[in-house]
Undergrad: 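There's a structure below that I have some questions on.
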Amino acid sequence: MDCNTIRRKFLEFFESKGHKIVPSAPLVLKNDPTLLFTNSGMVQFKDNFLGHSKPIYNRVADTQKCLRVSGKHNDLEDVGLDTYHHTMFEMLGNWSFGDYFKKEAIAWAWELLTEVYQLPKDRLYVTVFGGDKNDHLPTDADAESLWKQHIATDRILYGSKKDNFWEMGEQGPCGPCSEIHIDLRPEAEVKNQPGKELVNNDHPQVVEIWNLVFMEFNRKADGSLEKLPAQHVDTGMGFERLCMAIQQKTSNYDTDVFRPLIDFISLHADLYRYGTDAKKDIAVRVMADHIRAVAFAIADGQLPSNTGAGYVIRRILRRAVRYGFSYLHFKEPFMHRLVPLLALQLKDVFPELHQQEEYVARVVHEEEISFLRTLEKGLRLIENYDKTISGVQAFELYDTFGFPFDLTSLIAREKNGTVDEKGFHEEMAKQKSRSKADAVKETGDWILTGEDKKTEFIGYDHLESEIKIVKYRKIKHKNKELFQLVFDKTPFYAESGGQVGDTGVIESVNEKINITDTKKENELIVHFTEKLPESLSSVFIARVDQPKRELTKNNHSATHLLHAALRQVLGKHVEQKGSLVNEKNLRFDFSHFAALTPEEIARVERIVNQKIRENILLTEQRHVPIEQAKAMGAMALFGEKYGEFVRMITFDPKFSVELCGGTHVAATGHIGLFKMISESSVAAGVRRIEAVTAEGAQEFVNESLALLTEVKSLLKNPKDTAASLQNMIEEKQTLEKKLDTLYQQQSNVLKDSLALKAVKKKDYTLILDKVTVPNAEALKNIAYALRNQFDDLLLVLAADVEGKPQVAVMIGEKLAATNQFHAGNLVKELAKEIDGGGGGQPFFATAGGKNLSGLDAVLTKAALLISQ
RNA sequence: GGGGGAUUAGCUCAGCUGGCUAGAGCGCUUCCAUGGCAUGGAAGAGGUCAUCGGUUCGAAUCCGAUAUUCUCCA
C-alpha cells in the first residue's frame, strides 16, 4: 500500500464514522505565546479544549503538518542519527469534542489498524494508564475493560504517568491516554524475546504508532487537577511510522515518503549508494528530513531569520547544509533543488508548497549561499588556530562566527589536534543562562470573576461600550507585574493581521484603568494593564483611544490598496509575506524577485492615490463562507488559518478584495494621501515597502520640502539645486588637493632651507632649528624628506604648529643602525621643556606640549644632550 | 528580548600589545613585448580607515554613542 493510499484510507475511514475532514493548520503559529510551531494534531483545536471557543463540528479528522525540534523525546541534533526521528512529520488524528469517548475511540482505532490496514493482531500491544499516587488517580479501568473486548489480556500493558498521562503543557487540559504499539522485528527475534518487554523502551522496531488521549482534566498552576465539564478525545498517529509498519520496512526513511528524496540526494552525491556507509547515510537522512521542515515552514510564511521561529528554520537548514558539506561533499548549494521534488510529491495533500515552489526554492538557495559563506569564513579563521582548540575559542567560532562545533572538532581531528568539548559546553551554558535570566516569565491561573464565555468583539461598530470583566490573571516578567483581563465583550481590537492592538481605558464610577495593549492568545482577546481594578465585578465603560485607531485604519486600508496596486504593476506573483500597521506608518512585505524601479514605485504610488481620490466606499461582509469568498476573488494568504466563515473587505470588487479581520476606513478618501518612504529587501525574494498616509504623509512631505527650501536658500537658490551641490562638492575636492600641494611646496621650501643649515659633525649631520608649520603632518613630511637626503642625519625640530609647541626628532638610517642615539628617549627628555610628553620609534619620535615659549630651551637642551 | 563580532582602495581582505609617510591579491588606466590570448612585463590612479564624540604628545588601532551588517541564545 503506498503512502498516498494509506493517508486517503485514514481520512475516508473517519469520514464514514461521521467526522468532518478539515485541512491541516499552518506549521507556524501566530497567536500563541507558548508555542512556535504546530507540534501535534491537536494544536489547531487547543481553544476548543481550553474552552475559549466552541467547536463547529464535534467530530473531526485530518492530517496535520507538525514540527518538532526540541522536547522530551526529540532534539534537532538527534534527527537523522537514528532511523525514526523527524523534524517535520504528518500526524493523522481524529477528535471528539464532548461527543464520543473511550469506547468508540478504541473500537475504531482497532478496526482501522487491523481491518483496513490489515496489521497483524499478534504484533500489536496496547498500553493503558496505570494510575498515579501524587495525582490521586486510579488505573484507567474503562480503557482496560474496553480493550479486553478486542485484544488478549496479556497484550495490555500498564503505563506510568510519564508514558500514559498526556498533558498539553504545565497547565491546561490533560488526561490518561492509551497507546497502540507494534512489534516489527523479524520472526526469529520475536521468538527470542517477547515484544511486550520492549514496549516503550526506545527499540527502533517496537514502536508506538497511535496515541489515544482521553481528555478529562484541567491542570491548574498549583499542580492540582480539576474535572473538565465535557470529555474529549484527541488522537495522534505518526503517518511516516504508520507507513513503515504497513509497508513492512525497518525505517521510516525506507518508505515511499522519503525514498524519492533519498534517491535524488544519493544520485547527486557522486552516485552514492544509500545504505553502504553509516556516516553518509546519516547525512542523506538529515537532508531528506530537513528539507521538508524548511520548505513547508517557508511556504507557510516563515522566512529564515535570526530570531524566534525564523531562527529555528535557519538552524534546521544549516544543519542539513553542514551534513551535506562534511559527509557528501556538497560544496555548492543543493538543498534548494529538492524543493520541486517535494512539492510534486505532496501536491495534492499540501498544495501550498507546489503553488509557491519557485519562491521557496529561491529563499532556500539564498540561505544556503549565505551559510556557505559563513562556513568559508570560519574555515579561514580556524586555519590560524593551534591544533588544540580551547573551549573558549571553539565557542567564539560558534557564537560569534556561526561556525558549527562539530566542524571545529572534525577539523581539529584532521590536524591530529583536539577540541575542549567540556569547555565549549560550559561557555554555551553561560550563554543560555544569560538569555534565560532575561526571559523568565511567570504566568498565573485565570481567575474567573463572571461566567466564562467567549468574548464578543464589537470594535468594528463601537469604540466605547459597557463591559464586565470575565476573568483575569497575573504575569510576572523581569520583576514587572502585569495583568491580563478578558471581558464579556470588547471594543478593543487585538493585534492581528499586522494591525497593532488597541489601547485606551476602562472606567467605572470609582476608578480608571489604562489598557496598554490588546493581544490575541489563539482566539482569546486579552487586554493588558499595569493595574488591576479594585472592584472586579463592577460594570466598566471601555473606551478605545480613538485618534490612534483612526490613524491605524487609514494605514490598514492603504495597505490593501497598495497590495492591489502592486499586483497590478508587478504581476500576480506578488503575495503578502508580512505586514505591520500602526498609527504612524505601514510596512508591507511581499514576494517579488527584484528591487522596484523608480518608475514602478511612481506607478504604484499613483494608482494608490488615484484610488484614494476615487473615494471608494468600503464593502464589509462579516460572515461569508470561505469557499464563496474565494470564488469572489478574495485572496487567501498562505500560512494563515481561516475558519469556515470569513470577513471580506472590498474596495471596488474589481480592485481590492481581501480576507481581513482588521479595521478600515468607510471610504478611501479618508486616507487623504499615500506616500512611500522606502523600498528595500528583507530576504531572498521578499521586498519591503514602508509608507505613510494622511497626517503622517502630509508631515513627511512638509518636512522634505522644508529641508529642500533650506538647502536651496543655503545655496542662494540656484536654478538646478542638485547640479549646484554637485559642483560645490567637486570644487571642495579640488581645493583640498590644491591646499595639499601648497603645503607640500611650503614644506619643500622649508626642508631645503633646513638642509642648507645642516652642520657636518664627526659621526653625524646635525640639523637643529625652530620652525613654523601648518600641521603635524607637514612636520612629519619634512623630517622624512630630510632623512632621505642624509643617511647620517640627526634632526631636532622645535615647531610651532598652529600655536602649539611640538618637537620632532629624526635619526638617519645609517646613524640609527649604530644605536648611538635613540629618538624616543631624546624626545622624552626634550618634551619636559614644553610641559609635555612624547615618544615614538628609535629613529623617529614626536612630542607635544603646552608651553610654546619653551621651544628655545628645547634647542639648547638638545645641543647639550647630543654633545654628551 | 539578551550576548558576541565586523565595518580599511571598485571587490576580497592583511594591519600583533597606539608610533616604519595605511598594505596585498584581483580589478581599473597607460605604456611595452608576441600573429592571437583568461598572456607576460613596467608604470600609475584609487582610501574623510562607517559616522560622531572622548582618552593621548600621537588613534585605523583604546573607550563611549549611533548606523549598517553577521552570528549565537531565549
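A, B, ... follow the sequence lines: proteins, then strands. Residue 1 opens every chain. Bear in mind that the values here come from a model prediction, so they are computed numbers and not experimental data. Scope of the values below: all heavy atoms of this structure, side chains included, with no hydrogens, waters or symmetry mates.
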Undergrad: With sequence neighbours excluded, what pairs up with A:D791 under the salt bridge (charged side-chain N to carboxylate O under 4.0 Å, His left out) test?
TA: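 Residues passing salt bridge (charged side-chain N to carboxylate O under 4.0 Å, His left out) with A:D791: none at all.
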Undergrad: Using the P atom on both, measure B:rA45 against B:rA24 and round to a whole Å.
TA: 13 Å
Undergrad: Take atom CG of A:L482 and atom C1' of B:rG1, then tell me their distance rounded to the nearest Å.
TA: 15 Å
Undergrad: Can you tell me, in whole Å, how much space there is between the P of B:rU69 and that of B:rG27?
TA: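 Looking at atom P only, B:rU69 and B:rG27 are 30 Å apart.
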Undergrad: By the 4.0 Å heavy-atom rule, please label A:G838 as base, sugar-phosphate, or nothing.
TA: base
Undergrad: Keeping the roles fixed (side chain from A:T529, backbone from A:N514), state whether a donor-acceptor pair exists under 3.5 Å.
TA: yes
Undergrad: For the C1' atoms, the ones on B:rA6 and on B:rA50, what distance do you get once it is rounded to whole angstrom?
TA: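 Approximately 11 Å lies between the C1' atom of B:rA6 and that of B:rA50.
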Undergrad: Can you measure A:E833 atom CD to B:rC57 atom C1' for me and round it to whole angstrom units?
TA: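 Distance, rounded to whole Å: 15 Å.
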Undergrad: With heavy atoms under 4.0 Å as the rule, sort A:F843 into base, sugar-phosphate or nothing.
TA: sugar-phosphate
Undergrad: Check every strand shown and say whether A:R318 touches a base, only sugar-phosphate, or nothing at a heavy-atom separation below 4.0 Å.
TA: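 The residue A:R318 makes sugar-phosphate contact but no base contact.
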Undergrad: Please assess A:S390 against A:D420 for the test side chain to side chain donor-acceptor pair (under 3.5 Å), listing each intermediate value before the final yes or no.
TA: CA-CA 5 Å; A:S390 72; A:D420 176 9; over 6 Å; no
Undergrad: Can you tell me which stems RNA chain B forms, taking runs of 3 or more consecutive Watson-Crick or G-U pairs with both distances under 3.5 Å?
TA: B:1-7 with B:67-73, B:10-13 with B:23-26, B:28-33 with B:39-44, B:50-54 with B:62-66
Undergrad: Output one letter per nucleotide in nucleotides 2-11 of chain B: B when a protein non-hydrogen atom lies under 4.0 Å from the base, S when only the sugar-phosphate is that close, - when neither is.
TA: BBBS------
Undergrad: Please report the distance, rounded to the nearest Å, between CG in A:L381 and C1' in B:rA14.
TA: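 Going from A:L381 (CG) to B:rA14 (C1'), I get 13 Å.
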Undergrad: Determine the contact category for A:G824: base if any of its heavy atoms lies under 4.0 Å from a base atom, sugar-phosphate if only primed atoms, P, OP1 or OP2 are that close, otherwise nothing.
TA: nothing
Undergrad: Show the numbers, then the answer: is there a side chain to side chain donor-acceptor pair (under 3.5 Å) between A:Q431 and A:D399?
TA: CA-CA 9 Å; A:Q431 154 96 317; A:D399 180 56; 3.0 Å; yes
Undergrad: So A:G837, base contact, sugar-phosphate only, or nothing? Heavy-atom distance under 4.0 Å.
TA: base
Undergrad: Between B:rU71 and B:rC32, how far apart are the P atoms? Round to whole Å, please.
TA: 49 Å
Undergrad: On a heavy-atom basis, which atom in A:K415 and which in A:I382 lie closest, and how many Å separate them?
TA: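 Closest pair (atom of A:K415, atom of A:I382, distance): NZ-O, 3.6 Å.
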Undergrad: Round to a whole Å and report the spacing from CZ of A:R380 to P of B:rC70.
TA: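 Computing the A:R380:CZ to B:rC70:P distance gives 17 Å.
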Undergrad: When you compare B:rG3 with B:rC20, how far apart are their P atoms, in angstrom units rounded to a whole number?
TA: 37 Å
Undergrad: Has A:K377 got its NZ or CZ under 6.0 Å from the middle of the six-membered ring of A:F403, at an angle within 45 degrees of the ring axis?
TA: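 No, cation not above the ring by the 6.0 Å, 45° rule.
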Undergrad: Starting at the 5' end of RNA chain B, which residue's closest nucleotide do you reach first, A:M428 or A:K780?
TA: A:K780
Undergrad: Residues in side-chain contact (heavy atoms from CB on, under 4.5 Å) with A:Y398, at least two apart?
TA: A:F395, A:F424, A:M428
Undergrad: Below 3.5 Å is the cut-off: list the nitrogen or oxygen pairs between protein and nucleotides 59-68 of chain B, distance only.
TA:
none

Undergrad: Is it the case that the side chain of A:N522 and the backbone of A:L524 share a donor-acceptor pair, with hydrogens and angles ignored and the cut-off at 3.5 Å?
TA: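 No.
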Undergrad: Any sub-3.5 Å donor-acceptor pair from A:R688's side-chain atoms to A:S681's backbone N or O?
TA: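 No; judged by distance alone, with no hydrogens or angles, the pair does not exist.
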Undergrad: Is a donor on one side and an acceptor on the other found under 3.5 Å between the side chain of A:S753 and the backbone of A:L750?
TA: yes
Undergrad: Please report the distance separating the P of B:rG2 from the corresponding atom of B:rA59, rounded so that it comes out in whole Å.
TA: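 Roughly 34 Å separates the two P atoms.
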Undergrad: What's A:G839 touching, base or sugar-phosphate or nothing? Going by heavy atoms closer than 4.0 Å.
TA: base
Undergrad: Assess whether side chain to side chain donor-acceptor pair (under 3.5 Å) is satisfied between A:D800 and A:T772, documenting all intermediate values.
TA: CA-CA 5 Å; A:D800 175 343; A:T772 301; 4.7 Å; no
Undergrad: Go nucleotide by nucleotide along RNA chain B from the 5' end; which of A:G849 and A:K828 gets its closest nucleotide reached first?
TA: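 Nearest nucleotide further toward 5': that of A:K828.
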Undergrad: In whole Å, what is the span from the NZ atom of A:K430 to the C1' atom of B:rA74?
TA: 18 Å
Undergrad: Determine: side-chain N/O of A:R314 to OP1/OP2 of B:rC72, distance under 4.0 Å, yes or no.
TA: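 Checking A:R314 against B:rC72: no side-chain N or O falls below 4.0 Å of OP1 or OP2.
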Undergrad: Taking only the P atom of each, what is the distance from B:rC63 to B:rC70 in whole angstrom?
TA: 24 Å
Undergrad: Evaluate side chain to side chain donor-acceptor pair (under 3.5 Å) for A:R319 paired with A:H290, printing each intermediate quantity in order.
TA: CA-CA 8 Å; A:R319 184 166 182 261; A:H290 290 8; 2.9 Å; yes
Undergrad: Using the P atom as the reference point in each nucleotide, state the distance between B:rA22 and B:rC16 in Å, no decimals.
TA: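 Pairwise P distance, B:rA22 against B:rC16, rounds to 15 Å.
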Undergrad: For A:K474, which residues count as a salt bridge (charged side-chain N to carboxylate O under 4.0 Å, His left out) partner, sequence neighbours excluded?
TA: A:E481
Undergrad: Can you check the A:K436 NZ to B:rC72 P distance for me, whole Å?
TA: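 It is 18 Å, rounded to the nearest whole Å.
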Undergrad: How many Å lie between CD on A:Q806 and C1' on B:rU56, as a whole number?
TA: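 Result: 12 Å.
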Undergrad: Whole Å only: how far is the CG atom of A:L407 from the P atom of B:rC72?
TA: 13 Å
Undergrad: Report the relative orientation of the aromatic rings in A:Y764 and A:F821; use parallel for angles under 30°, tilted for 30 to 60°, perpendicular for over 60°.
TA: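 It falls in the perpendicular class, over 60°.
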